[in-house]
Amino acid sequence: FHCDEKMLTYDAAVVLEKIVDGLKQRKLPGAGENGPVCIDLPLVAKLEISFKEKSKPGESKKKLSIEIAWKEGDDVGLE
């Protein structure tokens, strides 16, 4: 599944809260092309958060990125 749409920041927070709830349960529900899907999450994953800002005269762009990544079978150790 994929989310790439403009919305109120409050609504974005609601979406992120649903993701947080799924992370806590190690199951992430969502909607796929063929209907509902549920991704089983590992015990250990890599979290990357970045904030970028680009400024031009009269214009600025800001971006907050949150990425959670893991490899299958990599459940051991917090390295």
Side-chain angles (χ1 to χ4, degrees):
F1 52 87
H2 181 80
C3 180
D4 185 11
E5 60 185 82
K6 190 179 269 192
M7 63 179 71
L8 297 172
T9 52
Y10 177 87
D11 292 335
V14 170
V15 171
L16 290 173
E17 286 172 340
K18 290 179 183 180
I19 293 171
V20 167
D21 290 342
L23 288 169
K24 289 178 180 178
Q25 299 297 319
R26 292 185 47 212
K27 293 191 180 291
L28 191 59
E33 292 179 4
N34 299 323
V37 295
C38 187
I39 299 170
D40 292 325
L41 300 171
L43 183 61
V44 177
K46 179 181 177 185
L47 173 64
E48 183 178 327
I49 301 172
S50 65
F51 177 77
K52 297 179 181 176
E53 184 174 10
K54 294 181 182 178
S55 295
K56 295 180 182 178
E59 181 181 339
S60 71
K61 182 178 179 181
K62 299 173 182 157
K63 182 177 182 178
L64 173 66
S65 297
I66 302 169
E67 181 177 332
I68 300 172
W70 63 91
K71 294 180 183 174
E72 295 293 325
D74 196 18
D75 278 352
V76 184
L78 293 172
E79 300 170 3

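Just so it is clear, the structure is predicted and the values come from calculations on it, not from any experiment.
Considering CD1 of Ile68 and CD1 of Ile49, their distance stands at 8.0 Å, rounded to 0.5 Å. Going from atom CG of Leu16 over to atom CG of Asp21 covers 11.0 Å, rounded to the nearest 0.5 Å. Residue Leu64 holds its CG atom at 7.0 Å from OG of Ser50, rounded to the nearest 0.5 Å. Note that the CD atom of Glu59 and the NZ atom of Lys54 stand 10.5 Å from one another [nearest 0.5 Å].
Applying the side-chain contact (heavy atoms from CB on, under 4.5 Å) test to Thr9 and every residue at least two apart in sequence or in another chain returns nothing.
No more than 12 heavy-atom neighbours from other residues, nucleotides or ligands sit within 6.0 angstrom of OH on Tyr10. For CD of Gln25, the number of neighbouring non-hydrogen atoms (other residues, nucleotides, ligands) closer than 6.0 Å is 12 at most.
At least one side-chain heavy atom of Leu47 sits less than 4.5 Å from a side-chain heavy atom of Ile66.
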*Carefully, step by step, assess Lys27 and Asp40 under the rule side-chain contact (heavy atoms from CB on, under 4.5 Å).*
CA-CA 5 Å; Lys27 293 191 180 291; Asp40 292 325; 2.7 Å; yes

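There is no path of hydrophobic side-chain contacts, each under 4.5 Å, that joins Val20 to Val14.
Contact between Leu41 and Trp70 at its shortest, heavy atoms only, is CD2-CH2, 3.4 Å.
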